[in-house]
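Single-structure report; data block below.
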Amino acid sequence: MTGHLVLSTLHTHDAPSTISRLIDIGIPSYLVASQLVGVIAQRLVRCLCTKCKEPTPTPIEDLILLKIPPQTAEGINFFQARGCAHCRQTGYQGRTGIYELMQLTPPLREIITAESPEQEFRSAALAMGMVGLRGAGFQKVRDGITSISELARVIEVEEPLQTYCQKCAKPITIDFLACPHCATLVTHRCRFCGKSLQPDWVVCPY
């Protein structure tokens, strides 16, 4: 408010939770909406040892735990920690950060001012292009930097169930009827049997 850029830390589960926390500690919602520039949530994950990491079959259990639709994992080479003298038998060496960057846009500021539920705010942020901690972490898994079991260890899954647009590959909430990024219609049918799937299902029961 006085022209100074203030950087501060706050303990929350994710970036959108910061809004509720600031309001809970007594800052009026209209001030949060007008003065907050952005929020970055971060987690540290261990990096797989480059000397001994080895391929592993698709870890369906971890995908379900992280609420990642198994079809999203098609074509991905997953790796696991094996352990060697180079990494002192841990399978990991070093750490890297995964980040969730939430930038305040005019529509999000209006939601804050209206004091809408936190889940509504998070859904709106994701629809406007924010990549959640889970999505950012899963990209590290896709790149072979870390394992999905390590991601499951550090991520608390509270965000809405997400999938990826088949055309532009951007993350979308699974109950969307169309991708907000490229306007492609989203279909919820099993790629193998063709039967309709409910939006909150992570595997085809047929």
Side-chain angles (χ1 to χ4, degrees), residues 5-47 59 61-69 72-73 95-143 145-165 168-176 179-181 199-200 202:
L5 176 63
V6 178
L7 304 178
S8 182
T9 59
L10 196 65
H11 290 281
T12 61
H13 291 300
D14 51 33
S17 300
T18 302
I19 305 302
S20 300
R21 184 63 54 85
L22 290 173
I23 294 174
D24 288 344
I25 63 177
I27 301 177
S29 58
Y30 69 89
L31 283 183
V32 175
S34 63
Q35 303 303 322
L36 189 63
V37 177
V39 182
I40 300 177
Q42 71 168 14
R43 296 289 186 277
L44 292 177
V45 293
R46 295 177 296 173
C47 299
E61 294 82 3
D62 287 327
L63 289 173
I64 293 175
L65 179 64
L66 288 167
K67 296 185 178 180
I68 297 174
T72 302
R95 294 175 185 265
T96 187
I98 56 176
Y99 306 96
E100 178 179 78
L101 172 61
M102 181 183 72
Q103 295 177 290
L104 272 293
T105 61
L108 291 180
R109 295 184 192 279
E110 291 179 6
I111 295 175
I112 295 174
T113 303
E115 298 187 9
S116 300
E118 182 178 310
Q119 192 58 55
E120 180 181 335
F121 180 81
R122 179 169 185 80
S123 297
L126 289 169
M128 293 177 192
M130 183 186 79
V131 178
L133 285 169
R134 182 181 55 181
F138 191 57
Q139 185 59 53
K140 299 283 187 181
V141 174
R142 294 166 67 98
D143 295 338
I145 296 174
T146 190
S147 65
I148 195 164
S149 59
E150 173 68 3
L151 179 62
R153 183 183 70 84
V154 302
I155 292 295
E156 298 177 19
V157 181
E158 295 185 354
E159 60 190 85
L161 192 63
Q162 283 183 287
T163 184
Y164 293 86
C165 175
C168 68
K170 291 186 178 180
I172 57 176
T173 304
I174 201 169
D175 60 352
F176 284 177
C179 174
H181 307 289
D200 58 341
V202 295

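The minimum heavy-atom distance between A33 and T113, with the atom names listed, is CB-OG1, 3.4 Å. In this structure, E100 and R122 approach most closely via the heavy-atom pair OE2-NH2, 2.9 Å. Residues M128 and T105 share a closest heavy-atom pair of SD-OG1, 3.5 Å. Smallest separation of non-hydrogen atoms from R95 and C47: C-SG, 3.7 Å. Between M130 and P16, the shortest heavy-atom distance links the atoms CE-CG, 3.9 Å. Closest approach of K140 to G97, counting heavy atoms only: CE-O, 3.4 Å.
Atom CD1 of I23 is separated from atom CG of L31 by 10.5 Å, given to the nearest 0.5 angstrom. With values rounded to the nearest 0.5 angstrom, E150 atom CD is found 10.0 Å from I155 atom CD1. Remark: Q35 CD to Y30 OH distance equals 10.0 Å, nearest 0.5 Å. Rounded to the nearest 0.5 Å, atoms CD (E115) and OG (S20) are 10.0 Å apart. Between the NE2 atom of H13 and the CZ atom of R21 there is a distance of 7.5 Å, given to the nearest 0.5 Å. The OG atom of S149 sits 11.5 Å away from atom CD of E61, with the distance rounded to the nearest 0.5 Å.
A donor-acceptor contact shorter than 3.5 Å links the side chain of R134 to the backbone of L66. A distance-only check finds no donor-acceptor pair linking the side chain of S123 to the backbone of E120 [under 3.5 Å].
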Requested in this report: I would like to know whether L22 and L10 meet side-chain contact (heavy atoms from CB on, under 4.5 Å); could you show each step before the answer?
Outcome: CA-CA 9 Å; L22 290 173; L10 196 65; 4.1 Å; yes

Report task. Check step by step if side-chain contact (heavy atoms from CB on, under 4.5 Å) holds for I112 and E110. Result -> CA-CA 5 Å; I112 295 174; E110 291 179 6; over 6 Å; no

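Residue I98 is tested with L151, V141, T146 for a side-chain contact (heavy atoms from CB on, under 4.5 Å); the sole match is L151. When the options L36, I111, L108, D24 are evaluated for a side-chain contact (heavy atoms from CB on, under 4.5 Å) with I19, the one that passes is L36.
Within the 4.5 Å cutoff, the side chain of F138 has heavy atoms near those of the I148 side chain. Under the 4.5 Å side-chain criterion, counting only non-hydrogen atoms from C-beta, T96 is in contact with V45. Using a 4.5 Å heavy-atom threshold, the side chains of L104 and M102 count as touching.
Crowding of I40 atom CD1: a count of heavy atoms from other residues, nucleotides or ligands under 6.0 Å not exceeding 12.
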